[in-house]
Amino acid sequence: MALTRRADGTLELGGVSLADLARDARIGTPAYVYDLDAIGAQARELQRAFEGAPHLVAYAVKANGAAHVVRTLLAEGCGADVVSGAELSLALRCGAAPDDIVFSGVAKTNAELDVAIGAGPRGIGAIQVESVEEISRIAARARAARKTVRISLRMNPGVDAQELDTHDYIATGHDGAKFGVPISSLSDALALLESAEVSPALSLAGIGAHVGSQFTTTDAYAASARVVFELARDVRKRFALAFVDAGGGFGIDYGAGCAASPPDFVRAARALQKEAGVADLALYCEPGRSLVGPFGVLLAQVIQKKESRKADAVRRWLMIDAGMNDLLRPALYQARHRIAALTDRGGERRAYRVVGPVCESSDDFGTHDLPAADFDLVALLDAGAYGYVMASTYNGRALPAEVFLRGGAIAHVNARAEADAWVEDRLRA
Ligand code: LLP
């Protein structure tokens, strides 16, 4: 367990006292803290679930693009799933092999495609095509570069929206979503890929789908994988496929439980791969959240308390110095992150409504039972994924600091932006 409570009531991550970090003059609050050892261990556990079968764990860089995190996962044999030219450049500069990178996205610009095409002798591992319309555009860029470039078809398997048991904003594999090639367009896509216009500039290497995020059971993932693998069985009669890609979406336990572990998703996909008769193809998956989410926290300082009374009811607010600009998930998806006092010796509890300093009512982290005794520092848990990457400078706030822990010590500190950096930037506008 990356996060532990010492006998004296202090909270530590990766063997380091979080209160010491918050009080360190180089760090302060708000600050994200990540346990790189736990991230590496999580990747190793996932790799083992493939039992030596050909595969690629393409880490979804969007979840956390810090170089220390990306390099930790590359060192465990992961590749990268990227969704922009910038994420692609980051993965390459962190040392990812071009062959181990897949590039998804519904609206890739020509400039972004050129980075992917230019990356290796045959471009990156696969540009994931999300529409028939995109195919001719990629082919033209590949021809201009005089290369044969590998692509894969990211399908929209049209899984029933009800079955995509997650927040609407992160369900992508239903037929009302902008993502993926609809199954009804597959035959057009294949015909185009066989045409003189496109072949040999593009070679079809894989077929896959990503239907959503934060799945707490394997049901929706398996429903999508079944469709994809059955399509692969037919498509490979015409194209020399190298892989099938079941996507990411493995959920984590934010406190309400998560029945399926990351290896469960892999095992479910492998079983279906065998059933569909495509177990000889490499199995790709694209996890983001599950590799990093549980191993990061956001530290914040209590600025002050506030009480408001209505009749007999007392409302207790806890105002902290981290807001929705630092961790957007609660405001955007009504997500709940557990909150812990950095020093907690047990004893009487009190329910606090924890809120940030931003001038929006949605800057609200929910009601949490915290010590009735005074405390000055808290951690918002499970903030390693989709935290810093979604942070903004709204309300003139500086981006938070980041601390990377390895071997029970600080490996690196990414200091908070200077308080007046925002002012200077806006003065230039
Ligand atoms: N592959 C593709 C093509 C994706 O679009 C995503 C996530 C992933 C893989 C990784 O999914 P994961 O394993 O992390 O669930 N900001 C939201 C999550 C958005 C996910 C977008 N796509 C959140 O904070 O919950």
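Remember, it's a predicted structure, so these values are computed and weren't measured experimentally. Note that ligands are numbered from 1 as they come in the structure, with each ligand's atoms numbered from 1 the same way.
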Q) Side chains of R289 and S213: is there a donor and an acceptor less than 3.5 Å apart? A) yes

Q: Would you tell me which option among R154, M390, H210 has the nearest heavy-atom contact to atom 11 (O) of ligand 1?
A: H210

(Q) At less than 4.0 angstrom from any non-hydrogen atom of E286, what atoms of ligand 1 do you find? (A) 1 (N), 2 (C), 3 (C), 8 (C), 9 (C), 10 (C), 13 (O)

Q: State, without any angle test, whether E12 and S17 hold a side-chain donor-acceptor pair at a distance under 3.5 Å.
A: no

Q: Identify which of F103, F250, Y59, Y386 has a heavy atom lying nearest to atom 14 (O) of ligand 1.
A: Y386

Q: Measure the acute angle between the ring planes of F250 and F265, then classify it against the limits of 30° and 60° as parallel, tilted or perpendicular.
A: parallel

Q. Cut-off 3.5 Å, side chains only: do E197 and S136 have a donor facing an acceptor?
A. yes

Q: Answer side chain, backbone, both or neither: which part of D81 comes under 4.0 Å from ligand 1, heavy atoms only.
A: side chain

Q) Looking only at heavy atoms of G249, does any of them come nearer than 4.0 Å to an atom of ligand 1? A) yes

Q) Counting heavy atoms only, which part of F179 comes closer than 4.0 Å to ligand 1: side chain, backbone, both or neither? A) neither

Q: Have a look at ligand 1 and work out which part of K62, if any, has a heavy atom under 4.0 Å from it: side chain, backbone, both or neither.
A: side chain

Q. Has P287 got any heavy atom lying under 4.0 angstrom from an atom of ligand 1?
A. yes

Q) Under 6.0 Å between ring centres, would you say that holds for F365 and H337? A) no

(Q) Between ligand 1 and R289, is the shortest N or O to N or O distance under 3.5 Å? (A) yes

Q: Apply side-chain hydrogen bond (donor to acceptor under 3.5 Å, both in side chains) to Y388 and list each qualifying residue two or more places apart in sequence or on a separate chain.
A: none

Q. Under 3.5 Å between some N or O of ligand 1 and some N or O of S104?
A. no

Q | Per-atom contacts of ligand 1 with R329, taking only distances under 4.0 Å to non-hydrogen atoms | A | 23 (C), 24 (O), 25 (O)

Q: For A60, counting its heavy atoms only, list the atoms of ligand 1 lying under 4.0 Å from any of them.
A: 8 (C), 9 (C), 10 (C)

Q. Do D264 and T218 get their side chains close enough for a donor-acceptor pair, meaning under 3.5 Å?
A. no

Q: Return yes if a side-chain donor-acceptor contact under 3.5 Å exists between H68 and E402, otherwise no.
A: no

